[in-house]
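Some notes on the structure that comes next.
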Amino acid sequence: MLGVGASGPVGDGEAAASGPTVVRGLALPTLTERQAWALLVSIPGLGPVGFGALLRSLGSGRAILETALQRGAVGRLVAAGLNDERETFGRPVAEAIVAIAERPLPVLRAIELPGIEILTTEDAGYPRRLLEIEMPPHVIFVNGDVAAMSATHAIAIVGTRRPTEAGRRVAAQIGGAIAKTGATVVSGLAVGIDGSSHAAAAAEGGRTVAVLGSGHGRLYPKAHADLARKIVAGGGAIVSELVPDTHPSPSTFPRRNRLISGLADATIVVEAGERSGALITADWAMQQGRGCFMVPGPIDAPTSAGCLSWLRQYPGEVRIVAGIPELIEDLRLLEGAAPGPRKGMSLEAELIELGATARAVGMELVRGFGTLDELVVATDQPAATVLGALTMLELRGLAVSAYGRYRPAGRLASSGGRTATRKAILRSVRPSEPGPSAA
Amino acid sequence: MLATLLSATLVGLDGRVIRVEVDVAGGLPGFTIVGLADAALQEARERVRGAIRNAGFIHPPRRITVNLAPAEQRKAGASLDLAIALGILLGSEQVRASPERIALIGELSLGGEVRAVPGVLPMVAALARRGLRRVVVPADCIDEAGLVGGIEAVAVGTLRDAAELVRRRAGRRAVTIPPRVDLGGEPAPGGAAAGVPAVPATTVPLQLADLSEVRGQLEARRGLEIALAGGHGLLLVGPPGSGKTLLARTIPGLLPPLGDAEALAATIVASVAGDAPRALVRQAPVRAPHHTLSYAAMVGGGPRMSPGEVTLADHGVLFLDELPEFSRDVLEALRQPLEDGRVSVSRVGRATTFPARFQLVAAMNPCPCGMAGDPSGRCQCAPLLPERYTGRVSGPLRDRIDLWVTLPKVPPAALMTGVEPESSATVGARIATARTRQRRRSSGARLNGRISGRELRRICALNTIANRRAIELAEMEGLSGRGTERLLRVARTIADLAGESAVLGEHLEEAARFRSPMSRLAAREAS
């Protein structure tokens, strides 16, 4: 990391050990305790356990860095890191602490990015749900409104990155329904179910929190950069326990999953294969004593195999999602919650503006017709007209296309299932003009 | 004794007049050809020797020197055989003829038959430009030779016929020998041994299909109609079995016949390709090379500077199935022809420019396994891999593809029901009408796919409302200047199909459906 860290100028640490008590310590007094913590969590290999042990032995982050500048620092740090007589880290990590203590500023410059708030477990704004889990991250990096993480209700929605169309639809419906109650939707910003959940929550004007498996400076996946901006703009937050410069790697995602479940009162798995990472999140949710819900699916669908196997293995602990209103009831979301304010035009108003053809096409999309062939038959309009209408729906964010198929998006996807959307569409038909074909 | 005759060879698509000088002199018996002759031409010695002997003449046991002028020009192929053989017969005084200028084109078999050679049409045209009045050509090529005005073509079947023709002071009584009927005993004209580049083996012949055979896939049908009407580049993306190849097979039946100038150009290409066209080629070419083809097979080249696929598809369609499977440099090579409508092939000491005004139609799977987008989620590729797969279509090529169409897999039920599909005749008529409109309007009789950006903006004639819609769409897509231009191009063609003189909002809205899926990725994944 930035040429400092474990592979950095470790030799200087030895020089420090032979010198006077404090070497080049001028930079240290200017550091705040928050900065000291951020510096320390940037060291790979120094996890919550090791950092916790150091804090207990030495008192504060600044004290740890000051110790690192003293004679024989490496040995003292390793000793200070003892937890129940066992080493929590070895000499290489101690040497990395020494290196950072000697030259903190370059590392700090890469950590303190504009717009990224650094929260420690000492801060009042640190999400209380995370404090309740085992080994909460000492520092989290937040882009957006930190209050989004401390809403009265927060529900995590996770699932496969390769969902079926039905899976995306359900994720959007659940995300939209939860957002409408004013609860925060937590997920992992991945493609697939995560993306659909976040987007639906945002489309409903709700708050949503995305937990990254990388640092803020290495947002992954890149395809979701726009979505991330939307989340922040809608009063939500992007969170990571990793310093901004951290690349995503296979090990960072399972670790991130414990924060997804930790930030939520319950975790809903929409679609998960037998070995899906979403099940790791579900596992964390149960370990953390939070609720765990599974959306059932056909017994021969590989995308539902994980959900079904959990429903079978943990009856009573893992609950089934039997429908959107039922889920909202099971989650007790309507108790003590203030529904979030709706922004912008209502779905009805928007549909009125779009005109009859686009509305008819939108309706058929909600009914599940997805190809141009089907839409032409269903709306009885020429292909050219339907294509134009699809562009208009897309322009408003109400439809998207993928691989030659179209599906409802935004409010058209998230407004609580087919019936509700259909009602909205029907309400939007003015008596003076011809309505959609089915009206 | 010295005999001088005229003949011709090919350089690229052009015929070059060659003066063949044959000196039969005393000395040790020998046979030398000088004048930058390639291997096929050096082997003419053996063919000529056999042909002379088997035609009942004597190969003179003397020192034979053949000089091919102009000396500095490389000569290739077997088209000079007949002239060399007759030169020997004249030089050894076995045939006596007036010194009238004689031009002969043809390859000889060992038995003395005259075989067809590729490119007779441009070679005869070159001789005609030189002022020649008559030319002797192989019987199989008489039709294409006859297409050239101002010169009389005489067909011969054998060396003996040719000698007879010359002896009778050709000109007073023209003897036109009808093309020989091939009884099957002869090797087919233009066989591999004759060095005729015929049709490259890498080309998959397209079987014709009618649009009425294509059920469903309205979006792809519409995309194909627009692309063919405006000469736009088209990419079909769809899983195996979704009908991409079937659609491509309907293209020949949808293209209107070529105009006079285009037909002549196409006929010359067909002649050089060794197809021995019987009449002007009116059918626009559709080429479908296999993805294993080499760079030279695509752009042209080789020892004889033969035209490549881009030239064989001149004024027609180049269909590339499984686009990402083509090698990178082959695809990169499409850049210049797509931009300029021609391709330059340079070798040390030689450079040729071939015409390549083809329209690109390509097809590919949405991902390596082909199942991306299947509603059952059967795609086995890693998440986002399908997007990277589409990304393999390199930037410059992507810029030249005006329409992208993604085909869903049609469920079997849809094949039985749905709208009765239109036939190729109906759609083809619309395409022809739209093309006529464009040609009449454009300065260089060009289609919308090839007009300049400035001309495009003028002929779109956007009113205020349409202009606002264009800006709105460009913003939604995050379109670059080039992307906006593509949108306008396609919208212009849609308006032409609708018979509208100005591009309206509805045309722009439809055109926006056919843009690159790369820009859609973000929107899709965030829903």
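Numbers restart at 1 for each chain; the letters A, B, ... are given by sequence-line order, proteins then strands. Here the structure is a predicted model, which is why all the values come from computation and not from measurement. Quick note: numbers below take in every heavy atom, side chains included, and nothing from hydrogens, waters or symmetry partners.
- Considering all non-hydrogen atoms of both residues, A:D373 and B:E219 come closest at OD1-N, 4.4 Å.
- Of the listed residues (B:A220, B:P408, B:A498), the greatest number of heavy-atom pairs within a distance under 4.5 Å of chain A belongs to B:P408.
- Residue B:E510 comes nearest to A:L387 through the heavy atom pair OE2-CD1, 3.6 Å, listed as atom of the first residue, atom of the second, then distance.
- With a 4.5 Å cut-off on non-hydrogen atoms, B:E472 touches chain A through its backbone and its side chain both.
- The two residues B:R513 and A:S401 come nearest to each other via the heavy atoms NH2-OG, 3.9 Å.
- The CG atom of A:L395 sits 8.0 Å away from the CD atom of B:E509 when rounded to the nearest 0.5 Å.
- In this structure, chain B has no heavy atom under 4.5 Å from any part of A:P298.
- In this structure, A:E394 pairs ionically with B:R515, as a charged nitrogen and a carboxylate oxygen lie closer than 4.0 Å.
- With a 4.5 angstrom heavy-atom cutoff, B:R469 touches chain A only via side-chain atoms.
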